[in-house]
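Take a look at the structure below.
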Number of protein chains: 2
Amino acid sequence: MHLSDLASLAVQRYRTTPALIAEVLREAILRGILEGGMQLRQDEIAKSFGVSRIPVREALRQLAGEGLVEFKPHRGAIVSTLSTEEIREIYEIRIALETMAIQLAVPQLTEEDLARAEQILEEIDRETDTGRWSELNGEFHATLYAPAKRPHLFSLINTHRTNVDRYLRIYISVMKRKQRSQAEHRRILEACRRRDTEGAVKALEEHLRSASEQLVTYLEKGQERAVKS
Amino acid sequence: MHLSDLASLAVQRYRTTPALIAEVLREAILRGILEGGMQLRQDEIAKSFGVSRIPVREALRQLAGEGLVEFKPHRGAIVSTLSTEEIREIYEIRIALETMAIQLAVPQLTEEDLARAEQILEEIDRETDTGRWSELNGEFHATLYAPAKRPHLFSLINTHRTNVDRYLRIYISVMKRKQRSQAEHRRILEACRRRDTEGAVKALEEHLRSASEQLVTYLEKGQERAVKS
DNA sequence: TATTATATCATTTTATACAATATTCGTCCA
DNA sequence: TGGACGAATATTGTATAAAATGATATAATA
């Protein structure tokens with residue numbers, strides 16, 4: 001074991017209790033363990049972490065800021081839900097932000113960046129677990145955006161990705177989204193290789209738009225089924 | 001007076017203590033009463049509101065989510081500062097978000113919307129107080145975006161506007177930004193009147209870009225002065 | 001029976017008290 | 001003199017307890 005491993009462990013341990021709790025809850029929401037609309041009982045969470053309710057409340061506040069939970073005065077927090085309308089809106093925002101990121105990044109991309117992106121794509125091809133698949137997906141995008149060097153932009157992109165990802169994960173695991181997604185990823189990467197900024201922007205926009213449309217269509221069909229039964 | 005008026009009043013009064021504290025602190029940061037880098041002592045704030053530190057901490061967490069304060073573990077919260085680099089970045093993000101908003105809104109704008117926008121511009125002309133000036137400024141933009149009906153987008157725009165506004169306010173009160181800003185506003189409104197979406201987007205982008213550039217130039221000059229002395 | 005009032009319980013919210021961590025300031029020693 | 005060490009102090013972070021609020025069930029009334 002290297003020193004850096006110990007260091008990262010220490011950092012992980014260090015981060016305040018609320019941050020730790022927030023991270024765990026975020027992951028749980030993302031994985032669908034905590035479903036939309038579900039009540040988040042403070043003392044229940046507190047017990048499971050072996051702490052009092054105060055750090056739990058602060059964690060919930062942070063998640064509220066990220067849009068993953070909603071606070072109702074004196075009624076506590078619930079896992080937020082997104083209507084299909086809202087999912088569409090979040091994707092529109094993502095398109096605006098991420099096309100900006102890639103536009104700034106393409107001229108700065110190094111060969112190493114491109115190789116790393118290719119490598120991630122190959123990993124994605126081999127991956128079967130949806131959670132890990134989604135993570136790698138994010139890494140691929142992040143790799144292509146990174147040279148833009150826009151920390152605030154990246155953080156915004158991340159928050160919004162997280163918000164729709166929990167819905168996308170349901171869809172991905174059910175339907176045949178993976179192949180199409182990978183084909184689109186390769187089109188984006190190809191454009192980046194050619195230093196074709198315009199093309200990369202276009203390909204990325206289409207990628208996000210197709211994800212949005214497929215997801216919304218899928219969810220709306222599900223709603224119809226729910227109404228019928 | 002209708003029942004709904006009373007209800008909305010009650011709701012305003014009701015809002016949780018942390019929300020109230022957050023609002024006051026936000027306004028204080030915006031007005032420059034709390035300057036960037038300033039330590040926010042929980043005890044002090046708690047005393048001035050006549051509450052314990054717990055609602056104060058939750059208010060600070062909310063503001064941290066909005067980017068107005070920064071939490072350092074065991075060292076409390078400080079009012080965040082933005083480097084000129086970061087200000088540039090926030091403005092880039094605003095351009096992406098707000099051009100999207102106006103693009104969606106222009107086709108939906110009613111005559112009432114346009115009249116309301118014009119009315120706000122006239123109010124701005126008469127206004128001398130910088131704080132109120134800035135508020136009206138926001139209202140003008142919001143009026144033109146509103147028909148887009150994108151609540152998440154609006155909230156994002158608002159957060160980012162708030163973040164750079166405290167710097168813009170300093171600049172505005174010192175320099176002759178007001179006339180230029182109003183001229184640009186009128187160009188935007190004219191394009192909206194002509195239902196010239198493209199033109200409105202262009203005018204808005206130029207408006208934000210000029211604000212960003214002027215502001216950054218001003219701040220960098222200030223830094224030079226600070227270094228020299 | 002339907003509606004309102006009341007009481008009970010669960011839960012959130014806040015205050016107080018304590019623990020952990022940073023900061024300050026004085027002391028010591030090279 | 002100046003830097004290192006270590007109490008003393010200030011401040012943050014968390015646990016516990018009390019207060020406030022909302023939900024639920026039951027009784028009272030029209």
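Order of the sequence lines sets the chain letters (A, B, ...), proteins ahead of strands, with each chain counted from 1. Atom set for the values below is all heavy atoms of this structure, side chains included, hydrogens, waters and symmetry mates excluded.
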Quick note, A:R53 side chain, CB onward, closest among D:dA18, D:dT14, C:dA22 is D:dA18

Between CZ of A:R61 and C1' of D:dG13 the distance, given in whole Å, is 17 Å

Exercise. State, without any angle test, whether B:R177 and B:S210 hold a side-chain donor-acceptor pair at a distance under 3.5 Å.
Key: yes

DNA chain D nearest-nucleotide lookup for A:G50 and B:D43: closer to the 5′ end is B:D43

Against the side chain of B:R75, the closest entry in D:dT12, C:dT14, C:dT23 is C:dT23

With the side chain defined as heavy atoms from C-beta on, A:R57 is closest, among C:dT12, D:dG13, D:dT11, to C:dT12

From the list B:E123, B:H141, B:R126, side-chain contact (heavy atoms from CB on, under 4.5 Å) with B:L136 holds only for B:E123

Regarding the side chain of B:S52, the nearest nucleotide among D:dA15, C:dT13, C:dT16 is C:dT16

- Task: Examine the side chains of B:D165 and B:T162 and answer whether a donor and an acceptor come within less than 3.5 Å of each other.
- Result: no

Closest to the side chain of B:H74, out of C:dT13, D:dT14, C:dA22, is C:dA22

Please determine if a side-chain N or O atom of B:T17 lies less than 4.0 Å away from the OP1 or OP2 oxygen of C:dT14.
yes

*Take A:E98 and A:R161 through the test salt bridge (Lys or Arg N to Asp or Glu O under 4.0 Å) and record every step on the way to the result.*
CA-CA 10 Å; A:E98 301 194 27; A:R161 202 179 80 84; over 6 Å; no

Rounded to whole Å, CG of A:L40 lies from C1' of C:dA10 at a distance of 16 Å

